[in-house]
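Contents: one structure, followed by commentary.
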There are 2 protein chains.
Amino acid sequence: MAGETRTEILDAAERLVQVRGFNGFSYADIATELDLTKASLHYHFAGKAELGRALIERYTDRFGRALDEIEAAGGTAPAKLAAYAEIYAAVLRDRRMCLCGMLAADYDTLAEPMRAAVVDFFDRNEAWLVRVLEQGEREGTLRLSGSASEAALTLVSGLEGAMLIARPYGDMSRFESAARRLLATLSAQSTPV
Amino acid sequence: MAGETRTEILDAAERLVQVRGFNGFSYADIATELDLTKASLHYHFAGKAELGRALIERYTDRFGRALDEIEAAGGTAPAKLAAYAEIYAAVLRDRRMCLCGMLAADYDTLAEPMRAAVVDFFDRNEAWLVRVLEQGEREGTLRLSGSASEAALTLVSGLEGAMLIARPYGDMSRFESAARRLLATLSAQSTPV
DNA sequence: GTCTATAACGAGATAGAC
DNA sequence: GTCTATCTCGTTATAGAC
């Protein structure tokens, strides 16, 4: 079975990026963690930029599968949005920032292929949210003011920001109350927050 | 007049942190920009951590003065919130991330004095917002659901997240529409967004 | 207050043996 | 597929002259 070490490298690197940022770790950190040499890492990933790109693509795929599962479960739009926010919450519970939220901060220092992959992640998230928001309007469970795409980007950036600011405080409840409020503003029932 | 070079160093370093992150620049970058040597920088700031701390303190002071000015202008709560969001917008227009939002991403790699200074920045912001939100409730211009402090942290993290995600797109309008929506949810008039 | 020079270390990367 | 060895360069930092 090939790809086992490759997967372990991706796992370790992913955690390091989410915790320390793309410029806050090195091949040496991964090598130490996996009890490998830096040279071995270069066998699997030619350079840090290639590793970074593989990281984002895997993350985007995994995120996409999670969104597919939410669709497959087939609830109301508010239930789907709550499940969406829970993906973020689970990442933060593991003391991590969203991979692409972290890379958005590092954006100016990234190679072009990584940049494009980061933007693609947010595009896909917002496109999925737009579909859910439109479902909510149709079924009468959500009441949007403004366009669905504006509501979607406000939601994504609100959740990313809530993760960003919650981490220094080490306080999940900071994320949770921001997330709850962001979702409540879209609900057709004026849910008391 | 002393402190001129010191100020130039702070200006250059501040911009570098806001654009590239704390681990995305070096003393060499500052030295090149100012046509100085790295050794000269060490005369003014013993190390990168001390420079970083001075950076945050100056930024927090400047931010605090901007908040004082908003208070001094003495409008309604919604006007104050709009002026608050405009501080963020001006930073982003200069293609920069909020200094402390960027450092929140880098948080795990920072020395303890810098960490404390970052948290202090957000504490002060939220405390100021709580006062404005309470003013709005009193004067009837804002209608809060939930506590003022929850609304304040949702606002700060929403604005920080909107900056974070707008930067990869290089698109101010992404920030602006998120900011407009965040403020609209607090308004007593259900402003069409 | 700024310089030259250099130390001491870590980064990303490669050659080539096994 | 992993290793040892090495290269080159960047990074933070210091000593000491001017």
Side-chain angles (χ1 to χ4, degrees), chain A residues 1-56 58 102-103 105-115 117, chain B residues 1-56 102-103 105-115:
Chain A
M1 198 60 167
E4 202 176 309
T5 300
R6 190 188 151 89
T7 301
E8 287 174 352
I9 294 168
L10 287 169
D11 290 344
E14 183 177 79
R15 204 199 98 261
L16 285 163
V17 174
Q18 290 182 271
V19 169
R20 302 177 56 88
F22 196 71
N23 299 313
F25 80 102
S26 71
Y27 265 37
D29 296 318
I30 305 173
T32 301
E33 194 167 319
L34 300 185
D35 225 344
L36 278 177
T37 60
K38 291 185 287 171
S40 295
L41 301 184
H42 281 286
Y43 170 79
H44 294 279
F45 299 97
K48 209 182 174 187
E50 288 81 2
L51 170 57
R53 192 174 187 202
L55 236 32
I56 305 168
R58 190 179 70 149
M102 185 61 93
L103 293 174
D106 296 327
Y107 192 80
D108 276 49
T109 69
L110 303 181
E112 180 48 39
M114 288 188 66
R115 293 185 178 189
Chain B
M1 198 60 169
E4 201 176 310
T5 300
R6 189 188 151 91
T7 300
E8 288 174 350
I9 294 169
L10 287 169
D11 289 345
E14 183 177 80
R15 205 199 98 263
L16 285 163
V17 174
Q18 290 183 270
V19 169
R20 303 178 55 89
F22 196 71
N23 300 312
F25 80 101
S26 72
Y27 266 37
D29 296 318
I30 305 172
T32 302
E33 195 168 316
L34 300 185
D35 225 341
L36 277 178
T37 60
K38 293 182 284 171
S40 296
L41 302 183
H42 282 285
Y43 170 80
H44 294 278
F45 299 97
K48 209 181 172 186
E50 288 81 3
L51 170 58
R53 192 173 187 203
L55 236 32
I56 305 168
M102 185 62 92
L103 294 174
D106 296 327
Y107 191 79
D108 277 48
T109 70
L110 304 180
E112 180 47 39
M114 286 187 67
R115 291 185 179 190

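Worth saying up front: this structure is predicted, and the values here are computed from it rather than measured.
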(message) Does any part of the side chain of A:Leu51, heavy atoms only, come nearer than 4.5 Å to the side chain of A:Leu41, both counted from C-beta?
(response) no

(message) So, using salt bridge (Lys or Arg N to Asp or Glu O under 4.0 Å) as the criterion, who are the partners of B:Arg115 when residues are at least two apart?
(response) none

(request) Using a cut-off of strictly less than 4.0 Å, decide whether A:Ser40 has a side-chain nitrogen or oxygen near OP1 or OP2 of D:dG1. (result) no

(message) Counting only side-chain nitrogens and oxygens, does A:Thr5 get under 4.0 Å of the OP1 or OP2 atom of D:dG1?
(response) no

(request) Quick one: closest heavy-atom pair of A:Phe22 and A:Asp106, and the distance? (result) N-OD2, 2.8 Å

(request) Return the value, rounded to whole Å, for the distance between atom CG of B:Asp29 and atom P of D:dT11. (result) 6 Å

(request) Provide, to the nearest angstrom, the distance between the CG atom belonging to A:Leu36 and the P atom belonging to C:dG12. (result) 16 Å

(message) Restricting to ring-ring contact (aromatic ring centres under 6.0 Å, His included), what partner residues turn up for B:His42, sequence neighbours left out?
(response) B:Tyr27

(message) Per the side chain to side chain donor-acceptor pair (under 3.5 Å) rule, what does the pair list look like for residues 14-24 of chain B, sequence neighbours excluded?
(response) B:Glu14-B:Arg62, B:Arg15-B:Glu33, B:Gln18-B:Arg96, B:Asn23-B:Thr109

(request) For B:His44 and D:dT12, give me the distance from atom NE2 to atom C1', rounded to whole Å. (result) 17 Å

(message) Any side-chain N or O of B:Tyr43 below 4.0 angstrom from OP1/OP2 of C:dT2?
(response) no

(request) Under the side-chain contact (heavy atoms from CB on, under 4.5 Å) rule, collect the residues that match up with B:Ala39, sequence neighbours excluded. (result) B:Thr37

(message) Would you say B:Thr37 places a side-chain N or O within less than 4.0 Å of OP1 or OP2 belonging to C:dT2?
(response) no

(message) Just so I know, are the side chains of A:Phe45 and A:Leu10 near enough to count as touching, which here means a heavy-atom distance under 4.5 Å?
(response) yes

(message) So if I take residues 14-24 of chain A and measure heavy-atom distances to DNA chain D, which residues fall below 4.0 Å?
(response) none

(request) Give B:Ser26 one of three labels, base, sugar-phosphate or nothing, depending on what nucleic acid heavy atoms sit under 4.0 Å from its own. (result) sugar-phosphate

(message) Going by the rule side-chain contact (heavy atoms from CB on, under 4.5 Å), which residues pair with A:Ala49 if we only count those two or more places apart in sequence or in a different chain?
(response) A:Ala111

(message) Tell me every residue that passes side-chain contact (heavy atoms from CB on, under 4.5 Å) with A:Ala28, counting only those two or more places apart in sequence or in another chain.
(response) A:Ser26, A:Lys38

(request) Starting at atom CG of B:Leu34, determine the distance to atom P of C:dG1, rounded to an integer number of angstrom. (result) 15 Å

(message) Need the bend value for the helix from C:dG1-D:dC18 to C:dC18-D:dG1: angle between end axes, 5 pairs each end, nearest 10°.
(response) 10°

(message) Going by the rule side-chain contact (heavy atoms from CB on, under 4.5 Å), which residues pair with A:Ala117 if we only count those two or more places apart in sequence or in a different chain?
(response) A:Ile56

(message) Test of understanding: with salt bridge (Lys or Arg N to Asp or Glu O under 4.0 Å), list the residues that count as partners of A:Asp11, not counting sequence neighbours.
(response) A:Arg58

(request) Check the distance between D:dT2's C1' and A:Glu4's CD and give it to me in whole angstrom. (result) 15 Å

(request) Let me have a per-nucleotide readout for nucleotides 13-18 of chain C, 5' to 3', with B, S or -, counting only protein heavy atoms under 4.0 Å. (result) BBB---

